[in-house]
Amino acid sequence: MIANVLTEIGVEALNKTFSYKIPEVLKDKIKVGSRVLIPFGPQKIEGFVLSIENLNEENLNYKLKNIIDVVDDFPVLNEELLELGKYISKTTYSTLINAYQVMLPTALKAKEKNKVSIKTKSYIILNKSKNEVKKYIENNKRGKKQNELLLCLLETPKIEKSIFDYSVVKALIEKGYIKIIEEEVYRLDNKISEEKKDIVLTEKQKEITNTIINSINHNDIFLLYGVTGSGKTEVYIEVIKNVLKKGKQAIMLVPEISLTPQMVSRFTNVFGDDIAVLHSGLSNGEKYDEYRKIINGEVNIVIGARSAIFAPLKNIGVIIIDEEHTSSYKQDNHPRYNAIDIAKVRSKTHNCPLILGSATPSLESYARAKKGVYKLLELITRVGKSKLPTVNIIDMKDEIKKGYSTFSRELLKQIEKRLQNKEQIILLLNRRGYSTFITCKDCGFTHKCPNCDISLTYHKTSNTMRCHYCGYADKKLDTCPECGSHELKDLGTGTQKIEEELNKIFPEAKIVRMDVDTTSRKGSHEKIINDFKHEKYDILLGTQMIAKGLDFPKVTLVGVINADTSLNIPDFRSGERTFQLLSQVSGRAGRSDIPGEVIIQTFNPEHYSIILTKTHDYEAFYNKEMFIRKQMSYPPFYYITLVRILSKDYQKGMEASKKISDYLKKNLDVKSIVLGPTTSIMYKINNIYRFQCIIKYKFDNNLDKVLTKILNHYKLDKDINVEIDNNPNKL
Ligand code: ADP
Ligand code: ZN
Ligand code: ZN
C-alpha cells in the first residue's frame, strides 16, 4: 500500500504529493486525511495523506521510503475539508498545504515542531470488590484517613487523586485496594454566568425565525438586516434551537472582538455545554480541546471567529455570520480566504441555510439582497421600549476656533450631565489609519486624487501627496485651496493623551481605557468589560474595539471624538466603514429604558456618511454610496483583484510590475480595467518594496488563466514575489 503525502513545506515548488510506503503495522491506522511523520531528505517532517493506492511496490522501478508513524488516532482532515482545501487553494492562489493548514488549529497542523498534548487528570478508583473494601475498613481501626478515602469511594466510584494526601493514596495502592486511572479532560470550561432571561419572541422575530426554519433543508442565503438592539441574536438562538431539534448542528461566526464572555454566556445559558468556542484568545491547548469536542461529536454548536467556519461538524443545519460586514472575516494574509465564501460552499454541501446578519450590511450583500440573490429579512425597530438614540453632529471647525480642540463644548456639557445622573458614557477614539493624510484645520478640506476620489497619502521623504491606486502625485500643499488657511495638518491623536485630558477636566470621574495597549494581556479585555458593566467606571474610552456587540444598559451617552480618521483613509470603502462604525457605536447608547444620545465630532459635518447616521438611514446611505461606486466603477458594480509584486530590489520590482501590468492589459478582456503599477500604500515593509496593479472587472473569462500564468512565470524567481488578492479588503 502506498500513500501520497502532501508535506508541511509550503513553497510553490513543492506543491505536490510524494509517495511513501505504508508499513504493515500502520496499515489499519493510516487513512486518507491522516497526519503522518515522514522522512524527507535528511529531515523528519509531517504531512497529510491525500490518497492511498493499493499498489504493489514490486511493480515500481524505484524504491519508496516508509512512513515513519501516524500522528493522531483519527484522520485530521475529513472528506469535506479535503475538498474545501482544494477550493481555497484554487480561489486564493495559495499552495494546497497552506490551504489545509489554515483550516486547522495549531495543534493539528502538519508541523513537526507543534506539539500540544492531550491533558489528563488522575482519578482514584477501587481495585477490589465493595465487600472486601468494607471488611478492610472494619479491621483497620487506626487508619482513619485511609478509611475516609475508601468510604468516599464506596459512595462515588471515581475521585480526583489530588484531593487526598499522597501518602494515604500510596499506602492503599500498595495494599491493592485502589488504583489510579488517567482520564482526558478539556481545558476550557464555558461557564454559565449571566442570569437567565426568559424571552418571548416578538411577532416580527417569530415571523423571521419561521421563514428561516422552513428552509432548514434548502440552501437559501438570508440577509438579516436588523438595527442594533433589534433582537437578531435572539433570532439566531431560536433558529439554532430548531436546528438541534431536527438532529442537526450549527456554526455561528461573530467578529473576534465581540466574542466576549457576555455574548458566549447568552448561548451557554440556553444550550449548556453543547457548544465549542473558538477564538484567538485561547491557548493552543484550549483550542485543541475545543476542536476535539467537535471531532468527538460531543458538541453540536460551534461559535467562533473567522476560522471557526472550518469546524468539522458533520451535519450542519445552519450557518450564521453575525455582523457580516466586518472586514476581519477576510483573512489578511496568505491564504486570503473570506469566511463568507467558505460558508457559501459549506452550506451548499450540507444543503442548509446561511444567515448573514448586520445592522449595516456591506454594500455587496445589500445589493445582492435587493436583486433577490439573498433573501432579505428586516428588523427595523428595537425591541421593547428602547429607541434608537438621537444623534447630534458637532462641527469641530467652529470649536477649534473657540479653543476647544479635543472635546466640543456640547460633549463636555453632556458628559457632565451623565456623571451627575450616575449614568455611563462611552467615548470612541477612531484609531488612526496606517497612512498619513492631511486635513485643513479651518475648513476640513482633504487633498484627494482627481482620478480616484480617494485621499492622497503624505510621503514625508519626498514631501509629496500620492495616490496609491493610480500613482498620481502632487506636491504637498502649503495653503488650503478651499479657504487659504496655512493650517494643513495631520490631525491624529492617541487614546492615552485623551485620557489625560479627560482626567484633568473631570477629576472625579472614573475612567477606563480600552485599546491595544490595555488589552494585550489575556483576559484583560473581559475584565474591562465586566468592570464597566458592574459600574466600577463612569467612562469607557476606547478605539474601534468598543464599537461592537457590547450591551451596557446604563450607557446613555456615546461620544465620537474624531469621526474623520476613518473617512480619510485612502480606500474606496472609507465612507462605508465610517457609516458602519458610527452606526455600530451609536447602537451602544440607550439600550434600556433611558433614551440615549450620541455626539459625533467631525470636520466634515456635511459628509453623507456622517449626516446619515443622524437619521439612522441605512437605505439612504446605501443609495448615495451606490451612486458613487457606480460612477467610479468600484464594487459591487465591479469586482476587484489586487496583484501585488514584492521585491527587495526597488528597480527589479518596478520593472516586473510594469511587465505584469502590460501583460494584464494585453491579455485580459477588453472591458476589464487595469490600474497601475504603483507603489502600495505601505510601500516598504521589512526592506521589501511593494508594488501593485488593480484589476477591475465585471466578468472576465481570461482572468484566472492570465493570473495563473503570471504566478507560474515568477514561481521560481528569486527576486520577485507575486501575490494575488481577490476582492481585497484594503487596496
Ligand atoms: P441585536 O443582536 O440585534 O443587537 P439582541 O438580540 O442583542 O439584538 O437584543 C437586544 C436586547 O433585547 C437584548 O438584551 C435581548 O435580550 C433583548 N431582547 C431581544 N428580543 C427580545 C424579546 N423578544 N423580548 C424581550 N427582550 C428581547
Ligand atoms: Zn481650508
Ligand atoms: Zn488616483
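Ligands are counted one by one from 1 in listed order, and the atoms in each one are counted from 1 as well.
Look at Lys422 and Glu535 and you find no salt bridge, because none of the NZ, NE, NH1 or NH2 atoms lies under 4.0 Å from a carboxylate O. Using a 4.0 Å cut-off between a side-chain N of Lys or Arg and a carboxylate O of Asp or Glu, Arg573 and Glu364 qualify as a salt bridge. Ion pairing between a basic and an acidic side chain is recognised when a charged N comes within 4.0 Å of a carboxylate O; Glu203 and Lys206 show such pairing. Residues Asp531 and Lys527 are paired through a salt bridge, judged by an N-O separation under 4.0 Å between the basic side chain and the carboxylate. Between Lys204 and Glu378 no salt bridge is recorded (no basic side-chain N to carboxylate O distance below 4.0 Å).
Of all protein heavy atoms, the one lying nearest to atom 2 (O) of ligand 1 is Thr233 OG1, 2.6 Å. In terms of protein heavy-atom proximity, atom 20 (N) of ligand 1 is nearest to Gln205 NE2, 3.1 Å. Of the protein's heavy atoms, Ile199 CG2, 3.4 Å lies nearest to atom 22 (C) of ligand 1. Atom 11 (C) of ligand 1 has its closest protein heavy atom at Asp551 OD2, 4.4 Å. Of all protein heavy atoms, the one lying nearest to atom 25 (C) of ligand 1 is Val383 CG1, 4.0 Å. Atom 14 (O) of ligand 1 has Lys197 NZ, 3.0 Å as its closest protein atom, hydrogens excluded (heavy atom only). For atom 8 (O) of ligand 1, the closest non-hydrogen atom of the protein is Gly231 N, 2.9 Å. Among all protein heavy atoms, the one lying closest to atom 19 (C) of ligand 1 is Glu234 CG, 3.2 Å.
Ligand 1 has Arg266 within reach: a non-hydrogen atom of the residue lies less than 4.0 Å from it. For the pair Gly229 and ligand 1, a heavy-atom separation below 4.0 Å is found. Judged by the shortest distance from any of its heavy atoms, Val235 lies outside the 4.0 Å radius around the atoms of ligand 1. Using a non-hydrogen distance threshold of 4.0 Å, Ser230 registers as a contact of ligand 1.
With sequence neighbours left out, the ring-ring contact (aromatic ring centres under 6.0 Å, His included) criterion links Phe691 to Tyr650.
Some N or O of Val200 is nearer than 3.5 Å to an N or O of ligand 1, by distance alone.
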Check the pair Glu323 / Lys232 against salt bridge (charged side-chain N to carboxylate O under 4.0 Å, His left out), numbers first and verdict last. CA-CA 10 Å; Glu323 316 269 13; Lys232 294 186 290 297; over 6 Å; no

Evaluation steps, ring pair (Phe, Tyr, Trp, His ring centres under 6.0 Å), between Tyr618 and Tyr225: CA-CA 10 Å; Tyr618 174 80; Tyr225 161 50; 5.2 Å; yes

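Defined by atom type and a distance below 3.5 Å, a donor-acceptor pair is present between the side-chain atoms of Lys665 and Ser661.
Outside the 6.0 Å centre-distance limit, the rings of Phe222 and Tyr374 are not counted as a close aromatic pair.
Stacking of Lys624 on the aromatic ring of Tyr608 is recorded, both the 6.0 Å distance cut-off and the 45° axial limit being met. Stacking of Lys698 on the aromatic ring of Tyr638 is recorded, both the 6.0 Å distance cut-off and the 45° axial limit being met.
If you count the protein N, O or S atoms nearer to the Zn ion (ligand 2) than 2.8 Å, you get 4.
Put simply, the side chain of Gln601 gets close to the backbone of Ile561: a donor and an acceptor are under 3.5 Å apart.
Applying the 4.0 Å criterion to heavy atoms of Thr202 picks out, from ligand 1, the atoms 23 (N). Taking every heavy atom of Val227 and a limit of under 4.0 angstrom, the matching atoms of ligand 1 come to 3 (O).
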